[in-house]
Amino acid sequence: MPMTAPVPPPAEDSHPAPPVPPSALRLRLDRTALADNWRALDRLSGTARAGAAVKADAYGLGIREAGPVLRDSGCRDFFVAHWNEVPPLMQSVAAQHVSVLHGPMNDADVAFARATGVRPVLNSLDQAGRWLRSGGGVCDLMVDSGINRLGLPMSALGDPAIAALDIECCLSHLSSADEDTPINAQQLRRFDAIRIAVPARRYSLANSAGIALGAAYHADLTRPGLSLYGGIPRPELAAHIRQVAYPEAAIMQTRLLEEGDAVGYNATYLAPSPMRVGVVALGYADGYLRCWSGTGGFHWHGRALPVIGRVSMDMTVVDLTGAPECREGDWLSLDYDPVAAAQASGLSQYELFTLLGRRFDRAALA
Ligand SMILES: *Cc1c(COP(=O)(O)O)cnc(C)c1O
């Protein structure tokens, strides 16, 4: 006997769900900057074409918004990590080339690849065998050239299972392209050997930072992620890449503090004199982590509004001294230039994007 009661059918609905009111958080996306960033990275890829890493919901920006912009700019090759990232991508762009980096772990993954026509990125002899046993067909292959994360070890390149594959794109991934280190040249040498050993229609090595390492790293297809969304992993890219994501939050309440009043959890901020503050609808549950407590900042019509006290789950308090006209309901822009914010917070630019939560309305920049 089942221990749990069957789920009742949905009630006959006499009250249709009301429309959800707009969020007090919005993520303004500069679509032109996103399109320009893809075109710049495609141009910088020389004779190679640029694809797009759109895993983790386009690095937190939102695949529904970013996908069509990338496709309309000319992007044809899309990379996700998980199989469950395929449907939202396909719903926003009916992409011709979708590769799933984590590869087929089991028969359900293989069946899903076959049903959707997306390509599994095979990462091991095990995965290659699983794919071949299911009937084979076009796939990608990731070969490890030194990052020791996912990927077939080079020692397995001669295996008959690899020779039996129909490989569209043979990939490898750089561990340290954002640094000047001999590791890059070493991985490139190994990649050149991989290209000789593995027959494939296309080869791909470079992520965003790898594109800036020069033509030798470009092969046929580059796989930028971070820089599409405004991240700058190497200074050479700074002149080509523009900020895309502008988080904004509304002031829910303003209050007047007396000298000595404490703000937020654990009373870490004491008002040095009477002052006006604003309670903003953004907290660590939205990716604005506690490292910004007392150090972060917002802007309102060019006026700087420093964060005071602890960032809490759903709220942050700002000092409104610099903006006496600022009112409840007004929108503040979060200081979130990726390079400056990474430096200020100690978070990586990758984290700054992918942490952005699901409570933002994602909207085009006016
Ligand atoms: C995430 C990822 C990329 C994109 O890297 P960026 O540094 O964001 O440009 C490219 N290739 C693989 C295999 C990845 O996992």
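What you see is a predicted model; the values in this text were computed from it and never measured. Counting starts at 1 for both ligands and their atoms, in listed order.
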Report task. Heavy-atom cut-off of under 4.0 Å around ligand 1: list whichever protein residues fall inside it, by chain and number. Result -> A53, K55, Y59, L101, M142, R149, H173, N207, S208, R223, P224, G225, L226, Y350
**Report entry** Under 3.5 Å: donor-acceptor pair, side chain of R362, backbone of L61
**Finding:** yes
**Report entry** Pair listing, ring pair (Phe, Tyr, Trp, His ring centres under 6.0 Å) test, anchored in residues 183-232, at least two apart
**Finding:** Y59-Y229
Report task. State plainly whether the residues R26 and D361 are in salt-bridge range, i.e. N to O under 4.0 Å. Result -> no
**Report entry** Heavy-atom neighbours of R201 CZ exceed 12 at 6.0 Å
**Finding:** yes
Query raised in the report: Of all residues at least two apart in sequence or in a different chain, which pass the salt bridge (Lys or Arg N to Asp or Glu O under 4.0 Å) check with E179?
Result: none
Query - Set of residues satisfying salt bridge (Lys or Arg N to Asp or Glu O under 4.0 Å) with respect to D57, sequence neighbours excluded - result: R358
